[in-house]
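Note sheet for the following structure.
Both ligands and their constituent atoms are indexed starting at 1 by order of listing. Atoms considered below: every heavy atom in the structure, side chains included; atoms not considered: hydrogens, waters and symmetry mates.
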Amino acid sequence: MYISILGRQPALGIAELERLYGDVTWFSDESAIINTPRLDFERLGGSQKAGRIVAELPRGDWTAASRKLVSAYAQAWREREGKITLGISSYGFNANPREVQKTGIILKGRLKEVGVSLRLIPNSDTALSTATSHHNKLGLSDNKVELLVVRNKNGKIIIAESVGAQNITAYAKRDQERPKRDAFVGMLPPKLAQTILNLANPAAGARVLDPFCGTGVVLQEASLQGFKVYGTDLSDKMVDYTTKNLDWLAATHHLTIDSIIEQGDAMNHRWSDAIGAVACEGYLGQPFSAPPSPAKLAEVRKNCNYIMGEFLRNIASQLASGTPLCVAVPAWKAADGSFTHLPLVSQLESLGYTPVPLSTVRSSELLYYRDDQVVARELLVITKN
Ligand SMILES: C[S@@+](CC[C@H](N)C(=O)[O-])C[C@H]1O[C@@H](n2cnc3c(N)ncnc32)[C@H](O)[C@@H]1O
């Protein structure tokens, strides 16, 4: 059993986990329990950290959690060889960073008495940032440990040993060092591309299609996970960008990528190879820095709905029944925080698709946006009928 500390948009993070692992439940507003013998943390886009659950307390506060930690680890590590590096991250407690750190200091003292040396990562906050966890390589070897201590609103406490934090160095490299980037086409963060791919959840070895491939972020992530990829885009320039970016990925990450990249209009293209899954960020219309006028919004919404609707209609006849898709489409955020959706979002059945039922979230919660963004991405998780 594992616990995930979910990312900035917890609904996306838990939906991704449910698609991949099935038996997933909320523990608190920011964490989820995953009932699986093995968690592949590196492939998750929507989890900040995850840990193997080692203990549970039915109720308690930080004092109770602290006592449990100190007694358990003073015992477990009394014969440890080599120096231990320890970080403690607490979530959902009414404790300040000094109290969290004090637990580590007490444990360090207890271990010192038996000749075991421990380096404690200072807590500037009650939880270590993912950057701190990542840079200290916590969770990645036996002697570099991060304890995740999570309390939910009923007072239940879970203690877990981290198996890693988001690899921000690798994400930055994949995002910023690739040779071709295009601010106009948009900057799909690799983390979100991973989540889109995982929500589609292709079968092992499948060929993953992105029919709006742009600079190829989704296909990069799919290649890293070992899928065959297929990219098409209306723009020849984007076909060239995806090709060059995948060549760069293959060379820098020592991968052999099985790819087909060609120009095509998603509204009428005939794809030449069997498609195992579709994972894409579709046409999002123009970017806005402030909510558009009602007339402008109506125009952009109609245009996007036409392109994405015609794409779904066109590809439906080319997909085997049961093929999974995750398609990001635009939704526009108004000043009051409400969203205007594409009409097709409520017409998926008539287009030949079935929304994938998820028990942890409603499909309307699968929206990715930053506070300052008007155009959100709505993730449609569907299968071909
Ligand atoms: C939001 S961008 C996708 C960016 C992409 N996720 C990336 O990694 O760069 C949308 C892409 O759809 C393409 N596009 C627009 N209309 C299209 C159509 N009818 N058929 C295929 N591609 C289209 C654009 O050229 C653009 O590259």
From the candidates Leu234, Ile307, Asp233, the one that places a heavy atom nearest atom 25 (O) of ligand 1: Asp233
Check: Ser31 and Tyr91 side chains under 4.5 Å, non-hydrogen atoms: no
Sub-3.5 Å N/O-N/O distance, Thr215 and ligand 1: yes
Contact atoms of ligand 1, heavy-atom distance to Glu281 under 4.0 Å: 1 (C), 3 (C), 4 (C), 5 (C), 6 (N)
pair Trp77-Leu107: side-chain heavy atoms closer than 4.5 Å: yes
Shortest heavy-atom approach to atom 18 (C) of ligand 1 - which of Leu284, Asn268, Asp265, Leu219: Asp265
Subset of ligand 1 atoms that lie under 4.0 Å from at least one heavy atom of Gly282: 1 (C), 10 (C)
Ile307 reachable from Leu209 in the ILVMFWY side-chain graph, under 4.5 Å edges: yes
For Asp258, all residues meeting side chain to side chain contact (heavy atoms under 4.5 Å, CB included), sequence neighbours excluded: Arg207, Lys228
Whether Gly264 lies under 4.0 Å from ligand 1, heavy atom: yes
Short side-chain donor-acceptor distance under 3.5 Å, Gln166 and Thr130: no
Distance filter under 4.0 Å to Pro211 heavy atoms, resulting ligand 1 atoms: 21 (C), 22 (N)
Atoms of ligand 1 close to Met238 [distance to a heavy atom under 4.0 angstrom, numbered from 1]: 27 (O)
Option set Tyr306, Phe212, Phe311, criterion heavy-atom distance to atom 14 (N) of ligand 1, minimum: Phe212
Carboxylate-amine/guanidinium contact Asp61 Arg151, below 4.0 Å: no
Residues Gln194 and Asn198: side-chain donor-acceptor under 3.5 angstrom: no
Within reach of ligand 1, part of Cys213 (heavy-atom separation under 4.0 Å): backbone
Inter- and intrachain pairs under side-chain hydrogen bond (donor to acceptor under 3.5 Å, both in side chains), touching residues 102-111, at least two apart: Trp62-Thr103, Ser66-Thr103
Distance filter under 4.0 Å to Ala266 heavy atoms, resulting ligand 1 atoms: 18 (C), 20 (N), 21 (C)
Where ligand 1 meets Leu188 - atom numbers and elements under 4.0 angstrom, heavy-atom basis: 6 (N)
Arg8 NZ/CZ over Tyr368 ring centroid, <6.0 Å and within 45° of normal: yes
Backbone or side-chain N or O of Val217 under 3.5 Å from ligand 1 N or O: yes
Close approach, Cys280 and ligand 1, non-hydrogen under 4.0 angstrom: no
